[in-house]
Amino acid sequence: NPFNALVSGQGYLYANSQDVELTFIGTPYSGNGQVSLSYSTANLDTRMRGWNLVGNPFGVTATIENPFYRMNNAHNEIIPAVDNNVAPMEGVFVQATGLNQTVTFSTGAKNETAGVENRIVINLSNNKGTVIDRAIVSFDEGRTLPKFQIRDNSTKLYIPKDGVDYAIAFAYRIGELPLNFKAQETGVYTLNFNGDNMTAVSLVDMIEGAIIDLSVNDTYTFIGTSADRADRFKLVFSSPNDSNIDIFAYQTGNDIVVSGEGELQAFDVMGRMVISQHINGVQTVTQPLQTGVYIFRLNEKSQKIVVR
């Protein structure tokens with residue numbers, strides 16, 4: 001019986017072709033919740049170095065302070081956790097960055113949403129609505145997590161920074177942050193953004209030419225293929241009072257929404273003006289546009305919009 005020699009605190013991957021009921025017999029764990037992590041420089045692939053599959057040794061939900069990966073709902077890949085709770089019998093992936101490190105499971109007061117007030121969670125879903133991957137922008141410098149997957153050919157979402165691919169990356173709320181996406185197969189995908197403060201944060205799709213104001217629309221659906229460039233997306237952080245930022249229009253559904261004040265003009269690829277409308281605040285363009293590429297101008301700003 002392979003379950004006779006399970007080690008407390010160690011995680012295990014188990015798969016079965018059909019639903020089964022497993023029974024575990026033994027003395028309930030009563031230790032301090034501390035689990036040792038392995039680390040070896042003998043592993044030349046630095047992407048794999050230091051990763052440990054650990055398990056909650058207690059019979060109740062416990063918490064850990066380390067950022068970690070858990071299985072997605074489809075049970076075919078791992079994604080970064082959005083809380084710090086680990087269920088009884090749940091195994092999670094954590095990374096050791098050196099020798100003689102440990103992770104501690106605690107059954108005290110629960111912090112179910114660790115760091116939620118200081119981050120943006122980006123969920124990637126397939127056409128069935130299943131979350132298949134996740135990236136997190138952390139504004140807490142001490143909370144990062146390198147990108148790690150069980151299967152190299154899985155569709156993935158990650159943040160490249162300083163030569164490292166991250167699942168949880170630290171960033172300031174200024175400038176631009178790349179958001180890479182690599183599809184395993186052609187399909188319809190959706191990005192959903194969840195953060196406590198999405199003001200002056202925009203998503204730019206550099207393949208479609210779309211710019212999404214995430215304070216207005218926190219979901220973006222697109223078609224992705226395995227042939228697409230990985231550096232397809234970026235997040236742009238800007239002050240609402242920064243007049244040098246050219247992001248003032250975006251498409252949502254069949255509507256073009258413009259934010260600003262002044263005379264809006266739009267030109268097609270032949271240079272013909274197709275829209276002239278006064279804008280005061282956040283408004284929807286009143287004249288429908290056919291599919292194509294347009295240049296929008298508002299005061300001294302210009303922006304390309306690809307109408308799909």
Side-chain angles (χ1 to χ4, degrees), residues 116-123 135-139 159 169-181 189-223 231-308:
V116 70
E117 72 286 350
N118 208 22
R119 68 185 182 183
I120 296 175
V121 177
I122 311 165
N123 287 321
I136 299 175
V137 181
S138 172
F139 305 112
I159 301 169
F170 168 73
Y172 297 103
R173 285 186 178 270
I174 58 174
E176 299 180 354
L177 184 69
L179 177 64
N180 283 19
F181 164 79
Y189 299 91
T190 297
L191 295 174
N192 178 262
F193 297 80
N194 182 16
D196 67 312
N197 182 8
M198 304 297 288
T199 303
V201 184
S202 298
L203 172 72
V204 179
D205 182 343
M206 288 173 283
I207 290 181
E208 294 292 337
I211 301 176
I212 309 300
D213 182 347
L214 297 178
S215 66
V216 178
N217 187 0
D218 61 6
T219 300
Y220 180 67
T221 299
F222 62 98
I223 296 175
D231 58 340
R232 174 170 184 165
F233 300 105
K234 64 180 177 180
L235 294 175
V236 179
F237 300 92
S238 60
S239 167
N241 299 319
D242 190 345
S243 60
N244 294 321
I245 299 301
D246 290 332
I247 298 172
F248 59 86
Y250 65 94
Q251 181 177 6
T252 176
N254 295 322
D255 297 327
I256 303 294
V257 178
V258 179
S259 176
E261 184 175 357
E263 193 67 23
L264 173 72
Q265 296 177 328
F267 301 85
D268 64 16
V269 292
M270 302 298 293
R272 296 172 296 197
M273 186 169 65
V274 294
I275 288 177
S276 179
Q277 178 182 338
H278 184 75
I279 299 295
N280 185 12
V282 179
Q283 294 181 217
T284 300
V285 172
T286 56
Q287 183 173 341
L289 294 173
Q290 296 180 346
T291 300
V293 179
Y294 298 88
I295 300 297
F296 280 67
R297 292 178 181 170
L298 182 63
N299 301 325
E300 301 299 322
K301 301 177 182 179
S302 296
Q303 179 184 325
K304 182 178 77 171
I305 293 287
V306 180
V307 176
R308 301 182 300 276

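Since this is a predicted model, take the numbers as computed values, not measurements.
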[X] [atom1] to [Y] [atom2] distance, which is reported to the nearest 0.5 Å:
X      : Y      : atom1 : atom2 : answer
Asp218 : Leu191 : CG    : CG    : 11.0 Å
Ile120 : Leu235 : CD1   : CG    : 6.5 Å
Ile275 : Arg297 : CD1   : CZ    : 13.5 Å
Tyr220 : Phe193 : OH    : CZ    : 10.0 Å
Tyr189 : Thr221 : OH    : OG1   : 12.5 Å
Leu177 : Phe170 : CG    : CZ    : 10.5 Å

Flag the pair [X] / [Y] as yes when at least one side-chain heavy-atom distance between them is below 4.5 Å, and no otherwise.
X      : Y      : answer
His278 : Gln283 : no
Asn194 : Asn123 : no
Val307 : Gln290 : no
Ile212 : Leu214 : yes

If the condition is side-chain contact (heavy atoms from CB on, under 4.5 Å), which residues does [X] pass it with, not counting sequence neighbours?
X      : result
Val282 : Val257, Ser259
Asn299 : none
Glu261 : Asn280

Specify the closest pair of heavy atoms between [X] and [Y], including all atoms of both residues, with the distance to one decimal.
X      : Y      : answer
Ala171 : Phe139 : O-CD2, 3.1 Å
Asn180 : Asp231 : OD1-CA, 3.4 Å
Phe267 : Val274 : N-CG2, 4.4 Å
Met198 : Ser215 : O-CB, 3.4 Å
Gln277 : Val285 : OE1-CA, 3.6 Å
Ile159 : Ala169 : CG2-CB, 3.7 Å

Quiz item: Once the angle between the rings of Tyr294 and Phe296 is folded into 0 to 90°, is it parallel (under 30°), tilted (30 to 60°) or perpendicular (over 60°)?
Solution: perpendicular
